[in-house]
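What follows is a set of notes on a single structure, which appears directly below.
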Amino acid sequence: QLNVVQKQTQYNQQLLDKLNKPHQFWETQPMPNINELESLKAGPIQEGILADVRKDPYSLISKFEWCNVDLRNDEQAQQVYTLLKENYVEDDDNMFRFDYSIDFLRWALLPPGQHPDWIVGVKVNQKLVGFITGIPVTLHIENQQTKVKMTEINFLCVHKKIRANRLAPVLIKEITRRVHIKNMWQAVYTAGIVVPTPISQTRYYHRSLNAKKLIEVGFSSLSARQTIARQQKLYKLPEEPKTQGLRPMKKKDVAQVTKLLNEYLKQFKLYFKYTEDEVKHWFLPRKDVISTYVVEKEQGVVTDFLSFYNLPSQVIKNPKHTHLRAAYSYYNVATQTPIVQLMYDALILAKNEGYDVFNALDIMENEKFLKELMFCPGDGQLNYYLYNWKLESNMLKPEEIGIVLV
Ligand SMILES: CNCCCN(C)c1ncc(F)c(N2CC(C(=O)NCc3cnc4ccccn34)C2)n1
């Protein structure tokens with residue numbers, strides 16, 4: 001009985017929240033709003049003053065408490081895995097939900113220089129009900145000179161059962177405080193939703209690898225004249241990649257890959273600079289997490305590389321399949337091999353690794369291969385955000401974005 005009342009209360013509260021204060025929280029944050037886009041000058045919107053940063057965590061409603069999650073600990077990692085598996089991002093029709101694996105979360109959240117207090121959890125009676133994370137990055141913004149040490153925010157999640165308690169804004173304010181206390185004042189993040197104020201609006205494209213499964217799980221649909229057999233023929237791929245010298249990346253390639261990547265990224269308006277340690281972490285292959293292949297020409301010279309990460313989705317209600325296996329394009333650098341050929345090989349490699357679909361955003365040079373390789377535009381939009389930073393140009397075009405957030 002109480003549960004019913006609680007649900008009704010929460011539902012009424014959610015309606016109220018949506019109706020009378022659409023962005024009340026975001027209007028309190030240092031993000032450019034529509035009519036400031038002309039007046040604000042480029043750079044930080046608010047000057048950060050270390051002395052003003054609260055030393056103690058934000059207060060939580062009773063029984064809720066803060067914790068730093070140690071992802072190296074199997075039990076704590078399992079708790080994060082289960083919270084996200086059951087409560088993280090779903091598509092608009094609630095047919096799919098991301099199923100980030102523990103190995104993936106350790107890859108994404110334990111890079112070199114990670115801060116333990118930036119993996120933030122909220123617990124009730126030892127059960128994890130809220131989560132938000134930050135990792136340290138150095139972001140180059142709009143030109144070579146401007147590089148800013150900041151945080152990359154990700155995995156904001158509140159358990160379905162306790163939404164509309166306004167916990168998400170507290171999670172955001174708390175991790176902001178933990179970033180400020182380290183004298184860092186900017187952040188970069190992405191979201192499928194639009195809140196004040198996107199710096200770029202990018203779109204997802206999908207390339208079918210297993211047409212039959214995509215139709216069975218409802219990811220794709222058949223129009224009147226199409227049949228499964230015709231779809232399979234249309235998307236059929238060769239057994240083996242075409243590029244001479246294509247092979248999985250190894251430790252010995254780290255130095256060359258670092259040079260290739262840092263040089264390649266300079267053409268974009270938003271990009272990270274990578275140390276060899278960071279390239280080791282982000283690109284050395286990890287089974288069922290990240291795949292990276294290099295093109296090695298004579299005398300061991302590496303001229304190109306491709307990479308994609310593994311992010312399965314749980315198929316929420318389907319008699320035949322529990323998961324959709326999706327590979328997401330990561331960073332691809334083509335200096336000698338034509339990018340269309342390199343990405344065609346990426347599709348073949350992903351198909352051979354058992355993926356059902358290959359996803360890519362229309363960022364970097366991706367427009368050059370999306371149409372030719374038969375990617376279809378998805379319904380998913382991914383918006384990029386910069387916290388406490390006004391760009392010279394109000395918005396960036398997707399092809400000016402040189403960063404991929406997992
Ligand atoms: C930093 N974090 C951003 C990445 C989180 N990522 C991968 C994401 N953020 C918003 C999206 F719109 C999205 N899409 C991939 C496209 C897609 O495949 N749509 C159908 C689908 C299959 N499974 C799911 C699960 C959730 C949402 C849509 N799903 C749309 N991807």
Side-chain angles (χ1 to χ4, degrees), residues 80 83-101 104-105 107-109 111 118-119 131-135 137 139 150-157 160 168 171-172 175 187-195 198-211 213-221 270 272 282 289-290 307-318 321-331 350 355-363 366 370 375-387 398 401-406:
V80 172
L83 175 73
L84 294 176
K85 178 185 176 62
E86 294 171 358
N87 302 280
Y88 198 45
V89 181
E90 295 174 11
D91 65 306
D92 294 344
D93 305 326
N94 308 101
M95 289 167 60
F96 306 104
R97 188 164 54 237
F98 290 126
D99 188 1
Y100 285 88
S101 72
F104 188 104
L105 293 167
W107 175 64
L109 298 172
W118 284 9
I119 311 285
F131 192 63
I132 190 166
T133 66
I135 61 171
V137 292
L139 185 64
M150 62 172 76
T151 183
E152 176 187 308
I153 297 297
N154 207 341
F155 301 108
L156 168 61
C157 183
K160 284 171 183 266
L171 279 162
I172 293 170
I175 198 155
V188 60
Y189 52 97
T190 59
I193 57 161
V194 182
V195 287
I199 58 162
S200 191
Q201 301 196 294
T202 71
R203 179 156 297 289
Y204 274 98
Y205 285 74
H206 312 282
R207 209 289 183 178
S208 170
L209 301 176
N210 180 347
K213 170 139 180 217
L214 295 187
I215 289 155
E216 287 168 346
V217 301
F219 184 91
S220 312
S221 52
L270 218 55
F272 299 135
W282 292 115
V289 175
I290 174 78
S307 59
F308 49 86
Y309 61 85
N310 172 39
L311 173 51
S313 290
Q314 185 185 351
V315 184
I316 295 168
K317 267 189 302 301
N318 187 282
H321 302 287
T322 60
H323 283 82
L324 167 69
R325 287 191 200 82
Y328 285 76
S329 177
Y330 195 45
Y331 292 91
Y355 290 99
D356 301 321
V357 65
F358 192 98
N359 291 337
L361 289 161
D362 55 358
I363 61 174
N366 294 357
L370 290 172
F375 282 72
C376 300
D379 52 5
Q381 184 183 47
L382 196 67
N383 304 290
Y384 279 74
Y385 297 92
L386 266 183
Y387 181 91
I401 301 283
I403 59 174
V404 176
L405 274 57
V406 297

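All heavy atoms count here, side chains included; hydrogens, waters and symmetry mates do not. Atoms within a ligand are numbered from 1 in the order they appear, just like the ligands themselves.
Those atoms of ligand 1 with a heavy atom of Y100 less than 4.0 angstrom away are 5 (C). Short contacts between ligand 1 and N154, defined as distances under 4.0 Å to a heavy atom of the residue, involve ligand atoms 1 (C), 2 (N). Using a 4.0 Å cut-off to heavy atoms of D91, the atoms of ligand 1 that qualify are 26 (C), 27 (C), 28 (C), 29 (N). For ligand 1 and L311, the ligand atoms under 4.0 Å from any heavy atom of the residue are 7 (C). Residue-ligand proximity, G380 to ligand 1, at heavy-atom distances under 4.0 Å covers atoms 12 (F), 30 (C). Atoms of ligand 1 lying under 4.0 Å from any heavy atom of N359, numbered from 1 in the order shown and given with element: 18 (O). Listed by atom number, the atoms of ligand 1 under 4.0 Å from F96 heavy atoms are 22 (C), 23 (N), 24 (C). Every atom of ligand 1 with a heavy atom of F219 under 4.0 Å away is listed here by number and element: 18 (O), 20 (C).
Of all protein heavy atoms, the one lying nearest to atom 9 (N) of ligand 1 is L382 CD1, 3.6 Å. With respect to atom 3 (C) of ligand 1, the closest heavy atom belonging to the protein is T190 OG1, 3.4 Å. Scanning the protein for heavy atoms near atom 13 (C) of ligand 1, the closest one is Y204 CE1, 3.3 Å. Regarding atom 23 (N) of ligand 1, its nearest protein heavy-atom neighbour is S313 OG, 2.7 Å. Here the heavy atom of the protein found nearest to atom 16 (C) of ligand 1 is H206 CE1, 3.4 Å.
Rounded to the nearest 0.5 angstrom, D91 CG and R97 CZ are separated by 10.0 Å. Note: H206 NE2 to F375 CZ = 10.0 Å, rounded to the nearest 0.5 Å. For the atom pair L370 CG and Y204 OH, the distance stands at 13.0 Å (nearest 0.5 Å). Here the straight-line distance linking atom OG1 of T202 with atom CD1 of I363 works out to 6.5 Å at 0.5 Å rounding. One finds the CE atom of M95 at 8.0 Å from the CG atom of N318 (value rounded to the nearest 0.5 Å).
Of the options Y328, F358, Y330, a ring-ring contact (aromatic ring centres under 6.0 Å, His included) to F308 is made by F358 and by none of the others.
Heavy-atom distances between M95 and ligand 1 stay at or above 4.0 Å for every pair. Contact annotation: V406 has at least one heavy atom less than 4.0 Å from an atom of ligand 1.
With a 6.0 Å radius and a threshold of 12 heavy atoms from other residues, nucleotides or ligands, D92 has its CG atom at or below the threshold. Summarising the local packing, NZ of K317 is surrounded by 12 or fewer heavy atoms from other residues, nucleotides or ligands at distances under 6.0 Å.
Polar contact check, E90 against ligand 1: no nitrogen or oxygen pair lies under 3.5 Å apart. On a distance-only criterion, L405 and ligand 1 share no N/O pair closer than 3.5 Å.
Looking at every heavy atom in both residues, I290 comes nearest to S307 through CD1-CB, 4.3 Å. Pairing each heavy atom of V404 with each of Y384, the nearest pair is CA-OH, 4.2 Å.
Between I153 and W118, the closest side-chain pair of non-hydrogen atoms is not below 4.5 Å.
Neither the backbone nor the side chain of Y189 comes within contact range of ligand 1; no heavy atom lies under 4.0 Å. By the criterion of a heavy-atom distance under 4.0 Å, neither the backbone nor the side chain of Y309 is placed next to ligand 1.
For F104 and Y309, the distance between ring centers is under 6.0 angstrom.
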